[in-house]
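Keep in mind the model is a prediction, meaning the values are calculated, not measured.
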Amino acid sequence: MTQAPAPARLARWVWLIELLALVPVAATLVDVLGGPHLQFLDYWQVLLNTSNPDGSLHPSGFFTLRNEHPLVLPALAYWLNVAVSHGDNRVLGCLVVAIGVLTVVVLRAALPRSLPPVARAALVVGASALVFSPHGLHNFIRSMSGTAWLTANLLVICALLLARRGWWVPAWGVGLLACLSYGTGFPVWVALAWLAWVRREAVWKRVVPLVVLVGVGVAWKLLDRGPVPGGSPTSDPVQVLFTFFAAVGHLWTTDSAGVAVVAGVLVLAAYAVLLTTSAARAEELRVWWALALHAVLACAMIGVARVDFGEAVGLSSRYTSQSVVMAVPLMVIAGWLLVRRSAANGPRVAVLAVAAGFLGFTLGMPVAAALREESREVPLQAVALRAGLGAAYPDRLPNPDELMDLLPKIGHYPFTEDFTLGCGGPELGDRVDIAGARPLPAADPARKADPSGFMEEAQQLPGATRIRGWATGGADPIHCAAVVDGSGVVVGGGIVNQARPDVTAALPWVTGGTGFVVIGPTATPDTKVVFVRKSGAVLWAPAPTEEGEK
């Protein structure tokens with residue numbers, strides 16, 4: 001029996017290769033579903049801008065810039081999410097994951113048909129690994145951000161694909177939608193004009209995108225600007241270059257801005273080298289060059305507009321998607337050239353594409369770990385809002401009085417029935433019988449099976465106190481923690497069962513997560529922290545009332 005050629009045998013497994021593209025999607029979805037219920041900083045300001053005091057829509061607020069960006073489509077998505085899921089960050093995060101998947105699907109549709117199936121499949125896997133890289137986890141677990149960045153990217157790619165087919169009017173329409181999604185959509189008009197020029201389209205088709213770009217710029221200048229972040233955006237040209245190159249090379253480092261700059265220069269140098277090869281300017285690759293042009297200009301916008309945010313700003317997780325849009329066209333163009341040189345290079349291109357994708361994916365681990373840690377105490381903000389303590393987080397909950405007035409009117413979490421302290425019993429406003437509760441004793445090696453704990457500190461916040469420590473229920477695990485006032489009324493709460501390796505190192509008989517953090521009104525001598533155990537039994541401890549009190 002004659003054996004099939006190697007490429008033919010490999011082609012049988014192409015669909016299995018392409019299934020690997022689902023692995024980064026699944027990993028990101030796990031983070032989203034396990035992430036905070038509550039939304040992130042800028043979301044609240046956008047919600048306030050688009051709401052009247054009575055909770056109805058304020059249409060003109062959709063055209064207020066946020067951090068210099070138009071957010072018309074994202075703001076609409078926020079409101080739809082309020083209607084569907086009471087503003088659940090995780091539900092909106094699932095939408096962002098779906099937008100990421102659509103981005104990979106559209107990139108797949110843009111791949112040159114002349115590539116062998118195995119190379120195409122591997123490039124899809126590589127693109128998926130980069131789109132869903134943990135470098136950019138911010139855009140998924142802080143869904144308000146991804147709804148803007150990733151939607152704009154998706155619409156830009158769609159506009160370029162429509163232009164490739166010669167459907168210029170739909171392409172311009174989609175380009176306008178990209179500009180209504182985020183400021184990084186603006187460079188699409190330069191990319192569309194360049195694409196019309198290299199395709200030798202009619203002069204008017206080359207000029208219209210540039211005219212629209214001017215119109216978009218004028219409209220942007222006329223929109224309500226809101227608070228403008230940073231200082232003078234062009235105060236240091238060297239810093240502009242540093243931030244620009246770091247944004248381009250962000251994917252190829254962990255947490256070193258210097259390495260990102262080196263990687264960014266190498267990426268741009270690789271594009272420049274490819275430009276010197278006439279084959280790289282083939283018609284099949286024009287859309288990829290247009291996408292790369294758009295990404296370069298978007299990264300330049302970041303460099304100019306965020307120059308005063310510090311030298312490491314180019315490594316911000318929310319900027320990852322632009323580094324991705326820089327990397328994917330480079331992979332495709334270089335892969336196409338290798339295959340054109342020899343069809344036998346198809347499997348080699350496949351290996352390199354998957355390797356590059358998963359390298360960019362894996363390097364994002366430290367960023368993801370930091371984001372998960374930052375998100376760990378977000379539930380405290382929900383407790384603060386529901387308890388009327390929103391002013392405790394001025395850097396996370398803007399205009400707290402307005403926010404706490406608005407959210408109940410529109411049925412937004414945490415002013416919903418599914419909000420809970422997790423006790424399976426007492427909630428905010430309920431009364432706990434402290435007289436019948438047991439005080440939480442200190443750790444004693446002679447009574448290792450008994451519950452124990454320690455109130456470590458009370459941090460004073462505006463109008464509130466945040467209390468940290470550790471506690472264990474022994475054989476009857478602690479289910480939740482709450483703050484009660486002198487009459488036993490629950491006035492705050494928090495989170496329990498947090499990892500405390502320092503406690504388990506000092507007290508080896510204490511196992512499992514023992515850390516807790518709670519928030520309540522400014523502590524008094526009568527304030528207590530209560531711990532509800534799995535059986536319903538209650539432990540209590542006096543709350544420290546001064547910073548660092550033990």
Check: Given S181, which of L154, V72, L73, T147 fulfils the side-chain contact (heavy atoms from CB on, under 4.5 Å) condition?
Finding: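 Running side-chain contact (heavy atoms from CB on, under 4.5 Å) over L154, V72, L73, T147 with S181 returns exactly one hit, L73.
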Notebook entry, point to check: Mind checking whether F419 and Y413 have parallel, tilted or perpendicular rings, split at 30° and 60°?
Noted result: tilted
Check: So, do H412 and Y43 have ring centers that fall under 6.0 Å from each other?
Finding: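 Under 6.0 Å, so yes.
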Note to self: For H135 and W252, I'd like to know if the aromatic rings sit close, meaning centre-to-centre distance below 6.0 Å.
What the structure shows: no
How about [X] and [Y]: does a side-chain donor come under 3.5 Å of a side-chain acceptor?
| X | Y | answer |
| --- | --- | --- |
| T184 | W149 | no |
| D88 | N81 | no |
| T527 | T524 | yes |
| R396 | Q381 | no |
| H58 | S60 | yes |
| S321 | N153 | yes |
| T522 | Q460 | no |

Look up atom [atom1] in [X] and atom [atom2] in [Y], then write down how far apart they are to the nearest 0.5 Å.
| X | Y | atom1 | atom2 | result |
| --- | --- | --- | --- | --- |
| K528 | M455 | NZ | CE | 12.5 Å |
| T50 | W79 | OG1 | CH2 | 6.0 Å |
| L38 | R142 | CG | CZ | 12.0 Å |
| L130 | T103 | CG | OG1 | 12.5 Å |
| N139 | Y319 | CG | OH | 11.0 Å |
| I478 | R533 | CD1 | CZ | 7.5 Å |

Give a yes or no answer on whether the side chain of [X] reaches the backbone of [Y] with a donor-acceptor pair at less than 3.5 Å.
| X | Y | result |
| --- | --- | --- |
| S133 | G136 | no |
| T514 | W470 | no |
| T465 | A523 | yes |
| S56 | N52 | no |
| E18 | V125 | no |
| Q498 | V496 | yes |
| R431 | S487 | yes |
| S452 | A442 | no |

So which atom in [X] and which in [Y] form the shortest heavy-atom distance, rounded to 0.1 Å?
| X | Y | result |
| --- | --- | --- |
| G55 | I410 | O-CG2, 3.4 Å |
| P544 | A458 | O-CB, 3.0 Å |
| L440 | A471 | CD2-CB, 4.0 Å |
| T511 | T504 | CA-CG2, 4.5 Å |
| A257 | A246 | O-CB, 4.4 Å |
| S143 | G93 | CB-N, 3.4 Å |

Can you find a heavy atom in the side chain of [X] that is under 4.5 Å from one in the side chain of [Y]?
| X | Y | result |
| --- | --- | --- |
| L380 | Y393 | yes |
| L33 | C94 | yes |
| D405 | E402 | no |
| N399 | Q45 | yes |
| S375 | I141 | yes |
| W44 | Y78 | no |
| L428 | V491 | no |
| D444 | D450 | no |

Check: Could you go step by step and tell me if F415 and H86 meet the ring pair (Phe, Tyr, Trp, His ring centres under 6.0 Å) rule?
Finding: CA-CA 9 Å; F415 296 90; H86 305 290; over 10 Å; no
Next item on the list: Would you please test Q322 and I302 for side chain to side chain contact (heavy atoms under 4.5 Å, CB included) and show each step?
Entry: CA-CA 10 Å; Q322 300 311 312; I302 293 170; 4.0 Å; yes
Notebook entry, point to check: Only one of F358, F140, F361 clears ring pair (Phe, Tyr, Trp, His ring centres under 6.0 Å) with F132; which?
Noted result: F140
I'd like to know if [X] and [Y] make a salt bridge, using a cut-off of under 4.0 Å between side-chain N and carboxylate O.
| X | Y | answer |
| --- | --- | --- |
| E456 | R468 | no |
| R466 | E457 | no |
| D476 | K534 | no |
| D54 | K409 | no |

Margin query: Could you walk me through whether D526 and D485 satisfy the side chain to side chain contact (heavy atoms under 4.5 Å, CB included) test, starting with their C-alpha distance in whole Å, then the side-chain angles of each, then the deciding distance to 0.1 Å, before giving a yes or no?
Written below: CA-CA 6 Å; D526 295 325; D485 63 15; over 6 Å; no
Margin query: Run V484 and W540 through side chain to side chain contact (heavy atoms under 4.5 Å, CB included) and show every step you take.
Written below: CA-CA 10 Å; V484 300; W540 66 270; over 6 Å; no
Check: So R438 and V538, side chain to side chain contact (heavy atoms under 4.5 Å, CB included) or not? Walk me through it.
Finding: CA-CA 6 Å; R438 176 182 175 186; V538 176; over 6 Å; no
Notebook entry, point to check: Would the number of heavy atoms belonging to other residues, nucleotides or ligands and lying under 6.0 Å from CZ of R108 be above 12?
Noted result: no
